[in-house]
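Just so we're on the same page: letters track the sequence lines, and every chain starts at 1. Computed from a predicted structure; not experimentally measured.
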Amino acid sequence: GAGVSQSPSNKVTEKGKDVELRCDPISGHTALYWYRQRLGQGLEFLIYFQGNSAPDKSGLPSDRFSAERTGESVSTLTIQRTQQEDSAVYLCASSRPGGSQHFGDGTRLSIL
Amino acid sequence: GNSVTQMEGPVTLSEEAFLTINCTYTATGYPSLFWYVQYPGEGLQLLLKATKADDKGSNKGFEATYRKETTSFHLEKGSVQVSDSAVYFCALIRGAFGNEKLTFGTGTRLTIIP
């Protein structure tokens with residue numbers, strides 16, 4: 001597609017369950033980013049992939065969070081044993097080298 | 001570390017009013033600065049950017065000037081329209097414009113009334 005695609009758009013799950021969020025970047029974009037936006041707060045950086053380099057995981061809030069990306073394609077963000085404080089909108093962005101970051105519409109995650 | 005502080009909202013203005021949304025930053029070196037906008041029901045979009053001191057970014061009638069002496073990047077528009085109602089985020093990237101994580105402010109919700 002023309003833009004960054006994220007799925008699902010909404011996810012409601014029970015506390016303690018694992019969730020997987022998917023991001024399909026714009027074709028040709030070597031960099032991929034995950035951010036989180038909790039209610040009333042700004043966007044927080046989570047993790048960044050650049051080509052085949054080791055990812056920058058410095059923003060991941062705990063070891064329950066992990067992400068994978070194969071080459072320059074789809075990325076999956078996994079949250080294990082979800083907690084209520086994980087409720088947020090999870091945004092994915094991608095960019096060409098030196099280019100602007102283009103954002104997807106996000107996944108709204110609600111933990112009951 | 002890097003941080004961005006922007007004007008708390010919500011901001012409500014009448015159509016054709018002058019808009020300023022303040023943004024100041026803390027960063028080492030020479031960051032690149034951005035304003036992103038999120039219209040109702042839509043994703044985050046880049047509105048404008050500036051990559052060095054005294055640069056002015058502009059788009060859709062909005063402007064912001066990179067002021068290193070005051071570490072500011074205030075967003076302005078001379079005459080707002082109802083269609084400008086959205087949430088505006090100020091952000092920075094460390095260093096030159098490239099593949100770097102964005103540091104965002106908390107966002108300012110703007111509502112324009114006819």
Side-chain angles (χ1 to χ4, degrees), chain A residues 1-7 9-10 23-26 28-60 67 69 72 88-108, chain B residues 1-10 21-27 31-52 55 57-59 64 73 75 86-109:
Chain A
V4 176
S5 177
Q6 290 188 246
S7 61
S9 54
N10 284 284
C23 173
D24 199 344
I26 294 171
H29 282 198
T30 56
L32 187 147
Y33 311 77
W34 284 97
Y35 296 88
R36 175 172 76 172
Q37 184 177 21
R38 288 187 283 189
L39 190 64
Q41 300 185 26
L43 282 79
E44 306 169 72
F45 166 77
L46 297 176
I47 188 169
Y48 157 49
F49 296 89
Q50 171 56 58
N52 294 319
S53 302
D56 176 353
K57 303 180 181 180
S58 59
L60 294 179
R69 185 185 189 197
E72 296 179 0
V89 177
Y90 289 82
L91 289 164
C92 177
S94 69
S95 69
R96 289 180 288 107
S100 301
Q101 292 183 33
H102 295 258
F103 284 81
D105 289 341
T107 294
R108 183 175 298 278
Chain B
N2 299 335
S3 67
V4 175
T5 302
Q6 66 179 98
M7 182 173 172
E8 286 199 21
I21 300 178
N22 290 339
C23 171
T24 57
Y25 67 89
T26 301
S32 297
L33 303 173
F34 304 82
W35 278 99
Y36 278 82
V37 59
Q38 189 170 33
Y39 297 104
E42 298 186 18
L44 206 60
Q45 304 172 24
L46 178 64
L47 179 60
L48 54 83
K49 66 180 188 284
T51 57
K52 60 183 188 295
D55 266 4
S58 61
N59 186 23
F73 193 55
L75 183 69
V87 181
Y88 292 82
F89 295 90
C90 186
L92 68 80
I93 279 180
R94 182 188 60 182
F97 188 47
N99 292 352
E100 283 275 353
K101 61 188 180 187
L102 285 158
T103 298
F104 284 89
T106 53
T108 303
R109 182 175 298 278

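- Of all non-hydrogen atoms in B:L46 and A:S100, the two that sit nearest each other are CD2-OG, 3.2 Å.
- Using a 4.5 Å heavy-atom threshold, the side chains of B:K101 and A:E44 count as separate.
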Original post:
Under the side-chain contact (heavy atoms from CB on, under 4.5 Å) criterion, do B:Y36 and A:Q101 qualify, and how do the steps go?
Top reply: CA-CA 10 Å; B:Y36 278 82; A:Q101 292 183 33; 3.9 Å; yes
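- Of the two parts of A:Q37, only the side chain, counted from C-beta on, holds a non-hydrogen atom closer than 4.5 Å to a non-hydrogen atom of chain B.
- You'll find the side chain of B:F104 reaches within 4.5 Å of the side chain of A:Y35, heavy atoms only.
- When each of B:V87, B:T106, B:T103 is scored by its heavy-atom pairs under 4.5 Å with chain A, the top score falls to B:T106.
- Under the salt bridge (Lys or Arg N to Asp or Glu O under 4.0 Å) criterion, A:K57 pairs with no residue, sequence neighbours left out.
- Minimum heavy-atom separation, B:L102 to A:F103: CD1-CZ, 4.0 Å.
- Between A:L43 and B:L44, the closest side-chain pair of non-hydrogen atoms falls below 4.5 Å.
- To the nearest 0.5 Å, atoms CG (A:D105) and CD (B:Q38) are separated by 9.0 Å.
- No more than 12 heavy atoms of other residues, nucleotides or ligands shown are found within 6.0 angstrom of CD on B:E8.
- Applying the side-chain contact (heavy atoms from CB on, under 4.5 Å) criterion to B:Q45, with sequence neighbours excluded, gives B:V37, B:Y39, B:E42, B:K60.
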